[in-house]
Amino acid sequence: MDLPPGPDDRLTAFGTQLIETHMWLREELAQLREDLAANEPPDPQDPRGLRDPRKTRELRAHCLTFCSALSRHHTDEDDGTFPVLAERYPELRPVLEQLTHDHEVVSGILRSVEELLDGFEPGGARRVAAELDGLAALLESHFVYEEKRIVTALNAISAGSAPSRDG
């Protein structure tokens with residue numbers, strides 16, 4: 001019989017949860033980009049926008065769901081996680097400022113994607129794909145940087161101890 005995780009296992013999970021959330025977001029974005037690419041028409045001026053017009057609605061819903069999840073994740077960090085880290089570990093403030101700036105850039109890209117989806121027209125799939133390609137590159141860099149710089153501090157806060165200075 002497996003025992004439920006002990007308090008230390010549950011508490012040290014903050015950093016691990018961040019990594020798992022990033023993995024899920026990466027997977028969702030990759031799937032979204034793959035689905036979009038698989039349904040692009042050969043002719044960029046095809047009035048249907050996608051090979052299968054029924055897919056337009058599904059892809060739009062998937063994309064908006066992803067955008068919402070990513071926005072919520074970043075809002076939670078900006079409003080909750082980052083202030084706690086900044087208070088406990090002032091040396092992380094420049095890192096947190098950079099991450100917050102990244103969130104603002106990501107938010108702009110998400111707004112562009114949502115606007116493109118609202119007015120989906122011929123050639124729209126390629127424009128959405130280009131925005132998602134840029135988003136994927138930015139997010140990969142952002143996630144790696146964030147994981148390297150704050151996971152140790154998150155786990156230390158969870159466990160009630162100070163992080164090592166190399167994290």
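For C63 against V113, the heavy-atom pair with the smallest separation is SG-CG1, 3.4 Å. The minimum heavy-atom distance between L110 and S71, with the atom names listed, is CD1-OG, 3.3 Å. Closest non-hydrogen pair, L92 versus A153, comes out as CD1-CB, 3.7 Å. Across all their heavy atoms, L132 and L29 have their closest contact at CD2-CD1, 4.0 Å. The two residues T16 and N155 come nearest to each other via the heavy atoms N-OD1, 3.9 Å.
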Pair F82-H74, ring pair (Phe, Tyr, Trp, His ring centres under 6.0 Å): steps then yes or no: CA-CA 10 Å; F82 291 177; H74 284 166; 8.5 Å; no
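Counting only heavy atoms from C-beta outward, the side chains of Y89 and L96 never approach each other to under 4.5 Å. Side-chain contact between L70 and L139: present, with at least one pair of heavy atoms (C-beta onward) separated by less than 4.5 Å. Between D76 and T81 there is no side-chain heavy-atom pair separated by less than 4.5 Å. In this structure, the side chains of L25 and F143 come closer than 4.5 Å at one or more pairs of heavy atoms. With a 4.5 Å cut-off on side-chain heavy atoms, V84 and I157 count as touching. I150 is listed as a side-chain neighbour of V95, based on a closest heavy-atom distance under 4.5 Å.
Of the possible polar contacts, none joining the S68 side chain to the L64 backbone as a donor-acceptor pair under 3.5 Å is found. Not one N or O on the side chain of S141 forms a donor-acceptor pair closer than 3.5 Å with the backbone of A137.
For the atom pair CG of D78 and OG1 of T100, the computed distance is 4.5 Å after rounding to the nearest 0.5 Å. The structure places CZ of R111 at 11.5 Å from CD of E131, a figure rounded to the nearest 0.5 Å. The OG1 atom of T21 lies 10.0 Å from the CD atom of E147; values are rounded to the nearest 0.5 Å. Atoms CG and CG, from L138 and D133 in turn, are 12.5 Å apart once rounded to the nearest 0.5 Å. For the atom pair CD of E28 and SG of C67, the computed distance is 11.5 Å after rounding to the nearest 0.5 Å. Note that CD of E146 is 10.0 Å distant from CD1 of I19, once rounded to the nearest 0.5 Å.
There is no path of hydrophobic side-chain contacts, each under 4.5 Å, that joins V144 to V106.
The aromatic rings of H103 and H142 sit perpendicular, their planes meeting at an angle over 60°, well past the 30° parallel limit.
With salt bridges taken as basic N to acidic carboxylate O contacts below 4.0 Å, none links E27 and R33.
Judged purely by distance below 3.5 Å, without hydrogens or angles, the side chains of H73 and E77 pair a donor atom with an acceptor atom. No side-chain N or O of H62 forms a donor-acceptor pair with one of Q31 less than 3.5 Å apart.
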